[in-house]
Number of protein chains: 2
Amino acid sequence: MNTVKLNTFVNKGKAMGTKERRAREKEQLRQQILSAARELFVNEGYENVSMRKIANKIEYSPTTIYLYFKDKADLLDSVCQETLLNLLNTLEELKEDTSDPVETLRKSGKIYVEFGLKYPQDYKLTFVIRPQFQEGLGLQEGSIGEKVFNYLRVMVSECIKQKIFRQVDVETTGQVMWSAVHGVTLLLIDFPDFPWTEKDTLIDTVIDTTIKGLQA
Amino acid sequence: MNTVKLNTFVNKGKAMGTKERRAREKEQLRQQILSAARELFVNEGYENVSMRKIANKIEYSPTTIYLYFKDKADLLDSVCQETLLNLLNTLEELKEDTSDPVETLRKSGKIYVEFGLKYPQDYKLTFVIRPQFQEGLGLQEGSIGEKVFNYLRVMVSECIKQKIFRQVDVETTGQVMWSAVHGVTLLLIDFPDFPWTEKDTLIDTVIDTTIKGLQA
DNA sequence: TATTAATATGAATACTGTTAAGTTAAATAC
DNA sequence: GTATTTAACTTAACAGTATTCATATTAATA
């Protein structure tokens, strides 16, 4: 009794890459689940997607999903992480010279809203649904969410440094900007039949108004 | 066969007020269901409230609820109508002289956000959850939602009339204001653990920034 | 008192997330 | 090459869900 594994890292023989292959396969299935979940969440809404539906799509038993994700909320969380990464990449594509930081901020704001409108369900999943199922998500050290907000921080502080914006708290300034773009994005998504002003006009006006209001 | 009711309005005899009493009782139960639903929705979240739970609370069978409301979404809708009325009343309590329309707008914005933070679940139910379950809600003629937005319209147009705000579209201006307060309200509700600036500072800055940005 | 109408319910349908126990198949040990 | 261990996956079940339909109860009227 009490057998001890001796070959934990003394892995002689040709079966060398076995573990790696298995890990790769495991990761593959994880990704498969993830993208099936995203597709269903986006097309049918988080609440209308069952674990069984996801399982059917990938042709596995529902319980298999639980070997890869703690529960449905965890699945949602992983989907949202991807979305945030996506958003971050989209924003960083801009990355122009900071000689005119206000223009950079303006463009970033526009990109943010457009991202939300291009993937409305993903946006809501990330910024509205997820917080409901996963409480206590602040800005965890090293998280993608933190990276996104840092992107905003850098832009804003450049505007303040160049004395274009009022010399107030960087944090507050960034949060004001976020409020504005978040607000208009969600309103446009949630009330598509509201008699909005022409969409791009509204978005531009929201961003311009906020920037003007922040200027020194 | 084919019996015809003759006493539809020739209602002789003492049983005169019966119909009225029955109607009153029916309305009472409707209200009872409604307030039980609101309480549960608010405390446990729409998704975590079952028809059975509501039924238990009012000590009726679950099926009874369906005699008063079409389905769960209809129940949600009615709860949200009440919330909007509540919001409208809260806003109209302000109703001061319009000699300083900007100050009125500022206070109204603050009241709006504070309402959202005081009843966060009601706010989300009304402005985020409901649109998901009931699509196509623009601004229906005579609806309470329309009344709320009209309140905003009036304030804004006064600011424009007095040439304090830029001479741009009233609609757009109102929508910009709404975006700002909606955005900050939802962010504060959904990400309570985010390292926000002091709450009231943030709210005031959002409102002040927007107003400043709108000024001529 | 009998009839009619309103109101409420029990049982059933077809779902839901999740768990515990069991099965199968692959990799390792001897 | 056979036995054992480990990993991957599934079956069955639990306790719950929204909703519907046929039935029962209750109250008002004829």
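All values below come from the heavy atoms of this structure, side chains included, with hydrogens, waters and symmetry mates left out. Quick note on labels: first sequence line is chain A, next is B, and so on, each numbered from 1.
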Residue met sooner reading DNA chain C from 5', once A:K70 and A:N48 are mapped to nucleotides: A:N48

Full working for ring pair (Phe, Tyr, Trp, His ring centres under 6.0 Å) between A:Y151 and A:Y112: CA-CA 12 Å; A:Y151 180 89; A:Y112 181 98; over 10 Å; no

Tell me whether the side-chain N/O atoms of [X] come closer than 4.0 Å to OP1 or OP2 in [N].
{"X": "B:T63", "N": "C:dA8", "answer": "no"}
{"X": "B:Y68", "N": "C:dA8", "answer": "yes"}
{"X": "B:K72", "N": "D:dT19", "answer": "no"}
{"X": "A:S61", "N": "D:dC9", "answer": "no"}
{"X": "A:K26", "N": "D:dA7", "answer": "no"}

Nearest to side-chain heavy atoms of B:Y60, which nucleotide of D:dC9, D:dT19, C:dT9: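 Taking heavy atoms from C-beta onward, the closest nucleotide is C:dT9.
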
For atom [atom1] of [X] and atom [atom2] of [N], their distance in whole Å:
{"X": "B:M51", "N": "C:dA8", "atom1": "CE", "atom2": "P", "value": "15 Å"}
{"X": "B:I33", "N": "D:dA18", "atom1": "CD1", "atom2": "P", "value": "14 Å"}
{"X": "B:L67", "N": "C:dA5", "atom1": "CG", "atom2": "C1'", "value": "14 Å"}
{"X": "A:I65", "N": "D:dA8", "atom1": "CD1", "atom2": "P", "value": "16 Å"}
{"X": "A:E47", "N": "C:dT16", "atom1": "CD", "atom2": "P", "value": "13 Å"}
{"X": "A:R24", "N": "D:dA7", "atom1": "CZ", "atom2": "P", "value": "18 Å"}
{"X": "B:E59", "N": "C:dT9", "atom1": "CD", "atom2": "P", "value": "11 Å"}
{"X": "A:R30", "N": "D:dA7", "atom1": "CZ", "atom2": "C1'", "value": "18 Å"}

Validation row, ring centre B:H182 to ring centre A:F191 under 6.0 Å: no

Identified salt bridge (charged side-chain N to carboxylate O under 4.0 Å, His left out) counterpart of A:D208 within the set A:K107, A:R106, A:K110: A:R106

Sugar-phosphate, base or nothing in reach of B:T64, heavy atoms under 4.0 Å: base

Sugar-phosphate only, base, or nothing, as touched by B:L75 at under 4.0 Å among non-hydrogen atoms: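 Nothing, no nucleic acid heavy atom in range.
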
Atom CD of A:Q140 with >12 non-hydrogen neighbours under 6.0 angstrom: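 No, because the 6.0 Å sphere around CD of A:Q140 holds 12 heavy atoms or fewer from other groups.
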
Side chain A:R52 and base C:dG17 donor-acceptor under 3.5 Å: yes

Contact summary for A:F149 and A:E171, nearest pair of heavy atoms: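 Where A:F149 meets A:E171 most closely, the heavy atoms are CE2-OE1, 3.8 Å.
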
